[in-house]
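Below is one structure, written out as structure tokens, with a few remarks after it.
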There are 2 protein chains.
Amino acid sequence: MATIQDVAKAAGVSAMTVSNVINDHPHVRPATRQRVLEAMARLDYRVNVAARNLRKGRTGTIGLAVPEVNRPYYGRLAAALITAADRHGLRVSIEQTGARRENELAALSLSRNRLYDGLILATVGMGPADVGSLEVDHPVVILGERIFGGPVDHVAMPNVAAAAAATRHLIERGCRRIALLCGELRDEVDVSSLRHAGYRQALEAAGLPLDPELVLSVPSLTMDAAARRARALAADGPAFDGVFCVTDTVAMGALRGLADAGVRVPGQVKVIGFDNVDESAFLVPSLSTVDPDHDLMAERAVALLVARMGHEGRPAHQEEFVSTFSLVIRESTGR
Amino acid sequence: MATIQDVAKAAGVSAMTVSNVINDHPHVRPATRQRVLEAMARLDYRVNVAARNLRKGRTGTIGLAVPEVNRPYYGRLAAALITAADRHGLRVSIEQTGARRENELAALSLSRNRLYDGLILATVGMGPADVGSLEVDHPVVILGERIFGGPVDHVAMPNVAAAAAATRHLIERGCRRIALLCGELRDEVDVSSLRHAGYRQALEAAGLPLDPELVLSVPSLTMDAAARRARALAADGPAFDGVFCVTDTVAMGALRGLADAGVRVPGQVKVIGFDNVDESAFLVPSLSTVDPDHDLMAERAVALLVARMGHEGRPAHQEEFVSTFSLVIRESTGR
DNA sequence: GCGAGCTTTTTTATCGATACAAAGGATCTC
DNA sequence: GAGATCCTTTGTATCGATAAAAAAGCTCGC
């Protein structure tokens with residue numbers, strides 16, 4: 001494969017001039033540029049990215065660590081991030097952490113190998129105790145959960161406010177005994193805990209009692225676990241007339257479980273999710289949900305990372321971006 | 001950040017010895033190895049991947065070009081591929097082609113920049129006319145569609161056979177007027193055309209007539225287009241009692257469209273899809289479908305690519321792997 | 001005690017591109 | 001026409017790691 005030297009020789013110039021042409025430096029005479037371009041085309045020259053990276057100290061690639069690209073929400077996010085990164089001329093390399101803390105920590109040290117110029121990390125397994133691990137010497141943006149005050153930028157959903165809005169919507173539709181279908185409430189900053197907080201706020205504001213029997217934790221936020229739990233609730237749980245599911249994936253499972261139990265949605269029970277994944281609009285019944293504006297979040301996450309990549313030194317303090325949200329009302333809450 | 005030279009100095013050895021330790025070469029005295037490891041730890045040394053890549057001529061990263069990671073089938077595939085690549089110590093960088101021919105061709109030339117050691121390409125937009133573009137000097141594996149005889153390895157689904165099996169299943173369940181919901185039939189090797197062929201085969205084998213009015217092309221294989229088309233069919237199309245959808249995504253749209261039109265599934269019409277995405281099991285009604293064993297396909301695709309990456313020279317002839325499949329019978333065909 | 005045949009370590013050159021500084025031309029001013 | 005100034009081009013050194021070959025240390029057996 002042709003190198004920059006080969007092109008230089010073929011065009012009768014120095015390697016440096018070829019480099020100048022490639023990088024669009026000013027001060028290259030048009031005639032020379034032309035000759036170089038022709039030589040490049042003739043030899044089918046491609047820049048060797050490894051060499052450029054070595055010299056420039058950057059790789060042009062950012063890392064994205066998510067639990068699994070196959071989960072609808074993370075797939076959506078990954079797609080948006082790849083698109084956003086592309087606008088900055090950056091490629092995205094994906095690590096799957098399986099939502100496990102140790103893999104999330106490993107992703108942090110991978111980019112220290114200079115594999116990536118920066119890392120976007122969707123933390124699920126890490127908790128406040130791991131803040132120290134974020135003290136790394138390369139740009140990191142934490143995505144998707146609320147802040148636990150580390151030394152890095154964050155892009156977060158308005159978890160509490162949006163969860164409260166979703167719950168309030170159920171109340172406005174007449175629900176009085178609203179179940180919460182969530183994951184384990186481990187610490188104060190995971191998705192389930194934050195949305196749980198919003199749920200409580202809304203109940204309180206409406207003067208409704210919080211029945212602990214209606215707070216249903218499933219071991220993992222999967223459709224299967226949610227379906228099981230919903231069936232159990234309908235079979236021998238307390239009475240309920242609404243369910244707020246912490247994710248659309250959980251809601252899909254719940255809808256299935258309720259159908260198995262012969263519960264009519266929205267007739268007997270109303271259901272609302274969170275994420276607005278593509279499938280939600282096409283379920284039967286279609287799923288009401290919270291739309292957190294994924295594209296905006298992706299956009300901001302990449303923008304923050306790029307800003308960090310610019311400065312070598314770490315900016316004075318970290319930025320925090322909380323996305324907007326909107327409620328999408330569909331059949332499952334009785335459109 | 002510390003370099004290999006710094007470590008060498010700190011440990012009182014040459015850079016080469018440090019390199020030998022890093023790469024687990026034999027013939028390093030245990031005491032020396034120990035000293036080097038300690039120096040590495042003390043200086044928090046990380047290998048500079050760019051430098052290694054330049055020297056070795058490989059990047060440790062493979063490219064994956066798919067239409068969009070957010071589409072359930074490609075998300076599933078991407079997840080499986082990332083996992084499979086990880087087992088070989090390879091990272092995966094994702095390009096989204098939007099199913100557009102020019103972007104698929106661009107992905108081919110990207111890896112010629114030596115960004116990737118090889119490329120896995122899910123072709124959707126490219127056709128037989130583009131075979132010439134596959135003549136590149138780095139490993140490529142084409143994934144997911146049938147072969148159009150290019151100079152590269154292929155991993156394919158058993159599209160025709162599986163589509164025939166799906167159609168046959170509908171026939172066995174008593175359907176006599178089976179619609180096909182597919183994309184545009186452009187050439188002979190795209191997903192829609194191949195599955196259309198299987199559909200025809202099954203009808204013919206069963207002695208059923210092929211009614212062209214029941215072959216429904218939608219402009220894109222999305223839920224939205226499918227839902228629209230299904231509604232139209234129910235509203236003022238010919239009578240039908242079964243639908244074979246070329247993908248599960250299309251089937252989800254169709255289920256929604258039929259529900260809108262008040263058509264009962266599986267009571268009045270039975271529906272079967274293709275892909276067995278995660279959501280299919282949880283729809284109401286749950287969706288019968290074809291399971292093409294994604295993990296096996298991913299496994300083989302990476303294995304083929306790795307084999308090519310080993311040899312520098314191109315092996316004598318290209319390999320072709322056709323995955324197995326199984327039918328998953330659920331409610332939508334009246335389990 | 002000496003060389004054969006190991007194991008262990010170092011030296012040297014290189015992968016391909018680019019930063020930097022400096023040199024070679026052209027143009028302009030007075 | 002000389003010098004200043006700008007535009008254009010070119011050496012040279014370097015990014016950090018590793019391949020290949022050479023050199024230095026050991027361990028034997030005879």
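Everything numeric here is computed off the predicted structure, so don't read it as measured data. Both backbone and side-chain heavy atoms feed into the values below; hydrogens, waters and symmetry mates do not. So that the names make sense, note that chain A is the first sequence line, chain B the second, and so on, each numbered from 1.
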Candidates C/dT18, D/dT10, D/dG16 - which lies nearest the side chain of A/Ser14: D/dT10
Under-3.5 Å donor-acceptor pair between A/Arg29 side chain and D/dT8 base: no
d(CZ, B/Arg55; P, C/dT12) in whole Å: 16 Å
Phosphate-side-chain proximity, B/Thr3 and D/dG16, N/O vs OP1/OP2 below 4.0 Å: no
Rounded distance [0.5 Å steps], CD in A/Glu68 versus CG in B/Asp278: 7.5 Å
d(CG, B/Leu115; C1', C/dG16) in whole Å: 14 Å
Interatomic distance where CE belongs to B/Met40 and P belongs to D/dA17 [whole Å]: 10 Å
Phosphate contact (D/dT9 OP1 or OP2) by A/Thr32 side-chain N/O below 4.0 Å: yes
Position toward the 5' end of DNA chain C (nearest nucleotide), B/Ala51 or B/His27: B/His27
Sugar-phosphate, base or nothing in reach of A/Val13, heavy atoms under 4.0 Å: sugar-phosphate
Presence of salt bridge, B/Glu319 and B/Arg308, under 4.0 angstrom: no
Rounded interatomic separation in angstrom, taking NE2 from A/His25 and C1' from C/dA19: 9 Å
Carboxylate-amine/guanidinium contact A/Arg33 A/Asp24, below 4.0 Å: yes
Nearest to side-chain heavy atoms of B/Met16, which nucleotide of C/dT18, D/dG16, C/dT11: C/dT11
Pair of N/O donor and acceptor under 3.5 Å linking D/dT18 base with B/Arg52 side chain: no
Rounded distance (Å) that lies between atom P of C/dA17 and atom CG of B/Asn53: 14 Å
Rounded distance in Å - CG (B/Asn20) to P (D/dA20): 13 Å
Interatomic distance where OH belongs to A/Tyr45 and P belongs to C/dG16 [whole Å]: 10 Å
Distance, nearest 0.5 Å, that separates CG of A/Leu304 from CD of A/Glu299: 10.5 Å
5' precedence on DNA chain C between B/Arg33 and A/Asn48 (nearest-nucleotide basis): B/Arg33
Side chain to side chain contact (heavy atoms under 4.5 Å, CB included) evaluation trace for A/Leu81 with A/Val302: CA-CA 7 Å; A/Leu81 284 165; A/Val302 172; 3.8 Å; yes
Sugar-phosphate, base or nothing in reach of B/Val18, heavy atoms under 4.0 Å: nothing
Nucleotide of D/dT18, C/dC15, D/dT10 approaching B/Lys56 most closely (side-chain heavy atoms): D/dT18
Euclidean distance, atom CZ of residue A/Arg58 to atom C1' of C/dA19 [Å, nearest integer]: 14 Å
